[in-house]
**Student:** 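Here it is: the structure, laid out below.
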Number of protein chains: 2
Amino acid sequence: MVTVHDVAARSGVSIATVSRTLRAPHRVSEETRDRVLAAVHELGYQPNRAASGLRGGRTGVIGLVVPDIENPYFSSLTKGAQASSRERGYGLVVVDTAEQADVEAAEVRAVGPQIDGIILASSRLSDAALAQLAATTTCVLVNRELVSPPSGPDAFDGAPSAASAPAGAAVPGIVVPTVTIDERAGARAAIGHLHELGHRRIAYVGGPARSWSQARRSRAIREAAQLFPGVDLIELSGYAPDADGGREAADTVLGGGPTAVIAYNDLVALGLLARWTEEGVRVPDDVSLVGFDNTYVAELSFPRLTSVGADLREFGETAVTLLLERLAGAALDEAAMHRELEPRLIARASTAPPRAAAAPARSREDR
Amino acid sequence: MVTVHDVAARSGVSIATVSRTLRAPHRVSEETRDRVLAAVHELGYQPNRAASGLRGGRTGVIGLVVPDIENPYFSSLTKGAQASSRERGYGLVVVDTAEQADVEAAEVRAVGPQIDGIILASSRLSDAALAQLAATTTCVLVNRELVSPPSGPDAFDGAPSAASAPAGAAVPGIVVPTVTIDERAGARAAIGHLHELGHRRIAYVGGPARSWSQARRSRAIREAAQLFPGVDLIELSGYAPDADGGREAADTVLGGGPTAVIAYNDLVALGLLARWTEEGVRVPDDVSLVGFDNTYVAELSFPRLTSVGADLREFGETAVTLLLERLAGAALDEAAMHRELEPRLIARASTAPPRAAAAPARSREDR
DNA sequence: CTGAAAGCGCTAACAC
DNA sequence: GTGTTAGCGCTTTCAG
């Protein structure tokens, strides 16, 4: 392992100058700088982040915690975060918690000391645990909000070793920086798209009852349905957020006689599609189908899946950006605390006018 | 941040004893041990890996480098590696190289100092680069082999700053520990399965021409085809290893008149399936379809995809195991250097006897 | 069995 | 501008 000492010896300066050359080049004469950099290059010197973190406080590494890296939603998010943090010279440690809150808590504590900040995606942690974590660590929530302190503005007394209550805790509003997706806009886009095609009887196949996303998404769908005249919403919920959940819901949802179905996410949508295809129900001829999140799996099926969501890589990038701003000590105004991404509906071949509707001929989108 | 000093103060011992209690409990009296552990627990002390790594040499962190975390193959692999390393008390840093060899090289160098060892999955690095890396770092290759030194036993002269040639370099054979999949067994399973169903004219849709996996897989398929009497193999190659590649190959491959098609991987298979479905070609009625790798996407389609592959999570676990063994200084015999996983063919609904064949009635597998 | 002390590689005051 | 020095939190001899 080549250290500052090696570089110093080779370039005939002290280790301090080596460090300075790398961290604050303008504080070093041009001549020495060149010599040092040459030595750095020749020796292939690579600063040891662990050591500099130990001394300087900053480690140059941030953490990303996801419940399930196998889920295309999170793997795309991770990809975006990875690219973005690399670009800015930060390392990224990815942790998969296998959907378990206790694993999440343990991992967060374990990596805590060696990272500058952490991004929690779809955290399974309780509000209280999150509040406590936020008091200790610089963190950013993704796809989750923490609006107010767990139990009243000054209920932090009971907290064991939470060093200090967050500065803005007394002010109502978002307490931890958050990046979310504008769920209402998404729901409006989905329902609006179907409405425009002529659908009036629309079903929503919801995810797990106690999921933060499902609660939010379901409410948004209900609100959006009100906005469009004549839309009749059939709501189901409690299905697993994967293809099996969709397969399971396939028969039931058709029972309600909808001409279009919106699924909790793309995986559920693919499950619905698979089961329907098996039974001879055709998409979009017999029923239109819309997924959520716009993951890459929407491109895998026939017909390709119309899906509404933000760009997931951008989502990851935004989270990194927000975290880095916090790390740099940005002000804590609303804009700095909360970022909401605008989802777009990507119309693919799984949506079309309902069979009976007199709608304009549709161009084949899936060619 | 709570440090050894805090724990020491609280339990009335020296910091050395705290450290000892944690690293070598048997070298501490039972009484002190209890006191220290109590303090550790009460204070929520968490050893700082960066610091202990700095001092002790070992950081307790290993790296995993993948070309594309979005690819289900690698996300499952990652999941396995993550679970396995957590279980053994190691941290895992995941790096996505976006398929770029230069990014891979840079990242490997960047994380090098702060990790104990590294797993390179489907590395895009050249043999020479790999050999050099292996000389410096403890590493394990996944889905890639490095059989002999780049250009003869003692051709390391030209290498710039490669400290020392690997110890076993003079001996022919695998130079870097490797975990791969028995590609021949996989190909035999695929062809055998189709042969048994009655297929004789079988096409293989290969991946990118210059990929290590494609070369290996293609050869294995050709060899396997020889093993079964009457099998007529049509080989294509050069398609992108994703659904678009499959869509693109769909028409061409059918031109050869096969009754069954084997795809380079599951994504390609789904692309084929999607395009065929669009065109009214039915699977498995008109043509049977087999994927490779057995990723979770094989479960997403209708019909579900017959696929051959090892358990990907286990693959990830095995890589971690092997790396940890190397780290612990295991002997360098063949078994310790190379692990080959046995793939299994998971028969799902995408394969059936060819239309004309007089084969026993098949039970509906996709119900 | 326990404590004191010497660093691991690095950065940030502080001198010169 | 550059060098000297004091640690960051931890492990590990080496004494006691």
**Student:** Rounded to the nearest Å, what distance is computed from the CG atom of residue B/L54 to the P atom of nucleotide D/dC8?
**Tutor:**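 Atom-to-atom, B/L54 to D/dC8, this comes out as 13 Å.
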**Student:** To the nearest angstrom, how far is B/D34 atom CG from C/dC1 atom P?
**Tutor:**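 So the CG-P distance, B/D34 to C/dC1, works out to 14 Å.
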**Student:** Looking at CG of B/L327 and CD1 of B/I115, how far apart are the two atoms once the value is rounded to the nearest 0.5 Å?
**Tutor:**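 One finds 9.5 Å between CG of B/L327 and CD1 of B/I115.
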**Student:** Taking atom C1' of D/dG9 as reference, at what distance in whole Å does atom CG of B/L22 sit?
**Tutor:** 13 Å
**Student:** Just the rounded figure in Å: distance from C1' of D/dG1 to NE2 of A/H26.
**Tutor:** 12 Å
**Student:** Output the rounded distance in Å from CZ (B/R49) to C1' (D/dG9).
**Tutor:**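 Rounding to the nearest Å, CZ of B/R49 and C1' of D/dG9 are 15 Å apart.
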**Student:** Return yes if some donor-acceptor pair links the side-chain N/O of A/R86 with the main-chain N/O of B/V95 below 3.5 Å, else return no.
**Tutor:**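 No: the side chain of A/R86 does not pair with the backbone of B/V95.
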**Student:** With sugar-phosphate meaning primed atoms plus P, OP1 and OP2, does A/V18 contact a base, only sugar-phosphate, or nothing at under 4.0 Å between heavy atoms?
**Tutor:** nothing
**Student:** Would you tell me if any nitrogen or oxygen in the side chain of A/S14 comes within less than 4.0 Å of OP1 or OP2 on D/dG3?
**Tutor:**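 True: A/S14 side-chain N/O within range (under 4.0 Å) of D/dG3 OP1/OP2.
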**Student:** Can you figure out which of C/dC10, C/dT2, C/dG7 approaches the side chain of A/I15 most closely?
**Tutor:** C/dC10
**Student:** Just wondering, do B/D68 and B/D96 contact through their side chains at under 4.5 Å, heavy atoms?
**Tutor:** yes
**Student:** Does a side-chain N or O of B/S19 approach OP1 or OP2 of D/dT11 to a distance below 4.0 Å, or not?
**Tutor:**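 It does, given that an N or O in the side chain of B/S19 lies less than 4.0 Å from OP1 or OP2 of D/dT11.
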**Student:** For B/P47, is there any backbone N or O sitting under 3.5 Å from a side-chain donor or acceptor partner on B/R49?
**Tutor:** no
**Student:** Has the side chain of A/R33 got a donor or acceptor that lies under 3.5 Å from a partner of the other kind on the base of D/dG1?
**Tutor:**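 No.
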**Student:** With the side chain of B/N48 defined as its heavy atoms from C-beta on, choose the nearest nucleotide among C/dA12, C/dT2, D/dC10.
**Tutor:**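 Nearest listed nucleotide: D/dC10.
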**Student:** What nucleic acid atoms does A/P113 come within less than 4.0 Å of, heavy atoms only: base, sugar-phosphate, or nothing?
**Tutor:** nothing
**Student:** Distance check needed: C/dT2 P versus B/E30 CD, whole Å only.
**Tutor:**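 After rounding, the gap between these two atoms is 12 Å.
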**Student:** Apply the test side chain to side chain donor-acceptor pair (under 3.5 Å) to residues A/E104 and A/S123: give CA-CA distance (whole Å), side-chain angles for both, the deciding distance (0.1 Å), then the verdict.
**Tutor:** CA-CA 8 Å; A/E104 183 174 351; A/S123 175; 2.6 Å; yes
**Student:** Using only modelled atom types and a 3.5 angstrom limit, is any donor from either the side chain of A/R27 or the base of D/dG1 paired with an acceptor on the other?
**Tutor:**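 Side chain to base: no pair present.
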**Student:** Nearest of D/dT12, C/dC10, C/dA12 to any side-chain atom of A/R58?
**Tutor:** C/dA12
**Student:** Quick check for you: among C/dG9, C/dT11, C/dG3, whose closest atom lies nearest to any side-chain atom of B/T17?
**Tutor:**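 Ranking C/dG9, C/dT11, C/dG3 by closest atom to the B/T17 side chain puts C/dG3 first.
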**Student:** Of the nucleotides C/dC10, D/dT4, D/dT2, which one has an atom closest to the side chain of A/A16?
**Tutor:**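 Comparing C/dC10, D/dT4, D/dT2 against the side chain of A/A16, the answer is D/dT4.
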**Student:** Rounded to whole Å, please give me the gap between CD in A/Q114 and C1' in D/dC8.
**Tutor:** 14 Å
**Student:** Does B/R20 get its side chain close enough to the base of C/dG3, under 3.5 Å, for a donor-acceptor pair?
**Tutor:**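 A donor-acceptor contact between them is present.
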**Student:** Atom CZ of B/R23 and atom P of C/dT2: how far apart are they, to the nearest Å?
**Tutor:** 18 Å
**Student:** Under 4.0 Å between a side-chain N/O of A/R55 and OP1 or OP2 of D/dG7, yes or no?
**Tutor:** no
**Student:** Hey, is B/R144 close enough to B/D127 for a salt bridge, meaning N to O under 4.0 Å?
**Tutor:** yes
**Student:** Of the candidate nucleotides D/dG9, C/dA12, C/dG3, which contains the atom at the shortest distance from the side chain of B/V4?
**Tutor:** D/dG9
**Student:** Heavy atoms from C-beta onward define the side chain here; which of C/dC1, C/dT11, D/dC10 lies closest to that of B/T32?
**Tutor:**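 Output: C/dC1.
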